[in-house]
Number of protein chains: 2
Amino acid sequence: MGRSDLANSSCPVSRAIERVGDPWVLMILREAFVGTRRFDDFLAQTGVSPHLLSQRLKQLCDDGILRRRRYCDHPPRFEYLLTDKGRDLWPMIMTLRNWGQTWLGGSSVRLTHKGCGARIDPGLTCPDCGAALTARDVVAEISEEFEQERKRRKGGTQ
Amino acid sequence: MGRSDLANSSCPVSRAIERVGDPWVLMILREAFVGTRRFDDFLAQTGVSPHLLSQRLKQLCDDGILRRRRYCDHPPRFEYLLTDKGRDLWPMIMTLRNWGQTWLGGSSVRLTHKGCGARIDPGLTCPDCGAALTARDVVAEISEEFEQERKRRKGGTQ
DNA sequence: ATGGTAACTTCGAAATTTGAAGTCTGTCAA
DNA sequence: TTGACAGACTTCAAATTTCGAAGTTACCAT
């Protein structure tokens, strides 16, 4: 398959991984959710090299996850803002937080729900009955297309 | 900072990214949740090269996310199983699915909640009041330690 | 003894990443 | 009017990682 083919897979998980399955992209997103907008701040807080940061920001803009906005004309200055598509990746970062805090220890980040004021650790729930969900509680049914893709690969062809 | 320092950060998100913020690790996890256990099946279904697969599986075992179990003595044969720590990464894969399906289009994966039988798209909710959550609904308060780490970096030192 | 399966390992070429240094455009303070 | 500074990058050589094809080890079946 090769990594660059992930985007064309019949699996929505693969397609998503192609866009955001990169440590620096995830670090950039974490920062964006904390309010970071400027190149040099991403640089300092993520620890990525300037070359890579430049590449990744371009890629994230191309993918519609961030947008580059000129916030000063003279001299030209730019900032990077989350789009709706980008903001919808917040559960990814939350899930990383939850897992990191549960299984990796170390210092923590506390979350408060503005709506009800409770201090929370948000998890996945069934939108229908409200029950908390784990891997065992859900059955996944993949598309016919994806089923075919898997069989083709199992055969060893491609 | 450099990528290898992520593990020691005061941020639980960074620490998690160090372990699972890699496209092949995520693909391996996706497969594991679908029931894949054997080397050659991971190989075929993820498209990773055998060398990298070997490395990543080792790393995932070291991190306690998978465990390597001998399922045949003669000849020696091994399989890779999710641990509790690994199974707890299921929300990551779900979140990737949700986002990929919403924003990237293409074929989909349907989920059914065993408990209530409903076809669902699970999202994050407040465990206290049950409301669905987005980035705007939650305030994050970072640890004093992490605050310090950020200030140090902002200064340009390190 | 030939072919097949499973789980890997090896290796050279190709691609990516790192880190330090430099560039460009303009502001501000002395 | 000169020099320091800020922000947003770009460049480049060296180091590291990844790719893909081929090979290895250990068995079983025919």
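Since the model is a prediction, treat every value here as computed from it, not as a measurement. Residue numbers begin at 1 in each chain, while the letters A, B, ... track the order of the sequences. Note: hydrogens, waters and symmetry copies are ignored here, and every other heavy atom, side chains too, is used.
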Chemist: Rounded to the Å, how far apart are B/Q59 CD and D/dT17 P?
Modeler: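 Distance check: B/Q59 CD to D/dT17 P gives 12 Å.
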Chemist: Does A/S54 place a side-chain N or O at less than 4.0 Å from the phosphate oxygens OP1/OP2 of D/dC9?
Modeler: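 Answer is no, no contact under 4.0 Å.
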Chemist: Determine whether the side chains of A/T134 and A/D137 contain a donor N or O and an acceptor N or O closer than 3.5 Å.
Modeler: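 A donor-acceptor contact under 3.5 Å links the two side chains.
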Chemist: If I take atom CH2 from residue A/W24 and atom CZ from residue A/F42, how far apart are they, to the nearest 0.5 angstrom?
Modeler: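 One gets 13.5 Å once the value is rounded to the nearest 0.5 Å.
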Chemist: May I ask you to verify if any side-chain N or O of A/R56 is less than 4.0 angstrom from the OP1 or OP2 atom of C/dT16?
Modeler: no
Chemist: Need one value for B/F42: base, sugar-phosphate or nothing, where a base atom within 4.0 Å counts as base even if backbone is also close, heavy atoms only.
Modeler: nothing
Chemist: Here's a test of your reading of the structure: between B/H51 and A/Y71, which maps to the more 5' nucleotide of DNA chain D?
Modeler: A/Y71
Chemist: Over all strands shown, is B/F39 touching base, sugar-phosphate only, or nothing at heavy-atom distances under 4.0 angstrom?
Modeler: base
Chemist: Residues in salt bridge (Lys or Arg N to Asp or Glu O under 4.0 Å) with B/R37, at least two apart?
Modeler: B/E79
Chemist: Whether B/K58 contacts C/dA7 is assessed here as follows: a side-chain N or O lying under 4.0 Å from the phosphate OP1 or OP2. Is that the case?
Modeler: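 So the side-chain polar atoms of B/K58 never come under 4.0 Å of the phosphate oxygens OP1 or OP2 of C/dA7.
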Chemist: Closer to the 5' end of DNA chain C via nearest nucleotide, is it A/P75 or A/P50?
Modeler: A/P50
Chemist: Using the side-chain heavy atoms of A/S49, tell me which of these nucleotides is nearest: C/dG19, D/dC27, C/dT17.
Modeler: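 Out of C/dG19, D/dC27, C/dT17, the nucleotide with an atom closest to A/S49's side chain is C/dG19.
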Chemist: How is B/R37 classified with respect to the nucleic acid when contacts are heavy atoms under 4.0 Å: base, sugar-phosphate, or nothing?
Modeler: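 Here B/R37 touches no strand at all.
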Chemist: Write down the distance between NE2 (A/H74) and C1' (C/dC24), rounded to a whole number of angstrom.
Modeler: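 The distance from NE2 of A/H74 to C1' of C/dC24 comes to 15 Å, rounded to the nearest Å.
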Chemist: At 4.0 Å (heavy atoms only), tell me whether B/R70 reaches a base, stays on the sugar-phosphate, or touches nothing.
Modeler: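 B/R70: no heavy atom of the nucleic acid under 4.0 Å.
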Chemist: Hey, are A/K85 and A/D88 close enough for a salt bridge, meaning a charged N less than 4.0 Å from a carboxylate O?
Modeler: no
Chemist: Can a side chain N or O of B/R69 be found less than 4.0 Å away from OP1 or OP2 on C/dA7?
Modeler: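 Negative; the distance criterion is not met.
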Chemist: If you assign B/R77 and A/D73 each to the DNA chain C nucleotide with the nearest heavy atom, which residue ends up on the more 5' nucleotide?
Modeler: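 Final value for this comparison: B/R77.
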Chemist: Find the distance A/F78:CZ to C/dC24:P and express it as a whole number of Å.
Modeler: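 It works out to 16 Å between those atoms.
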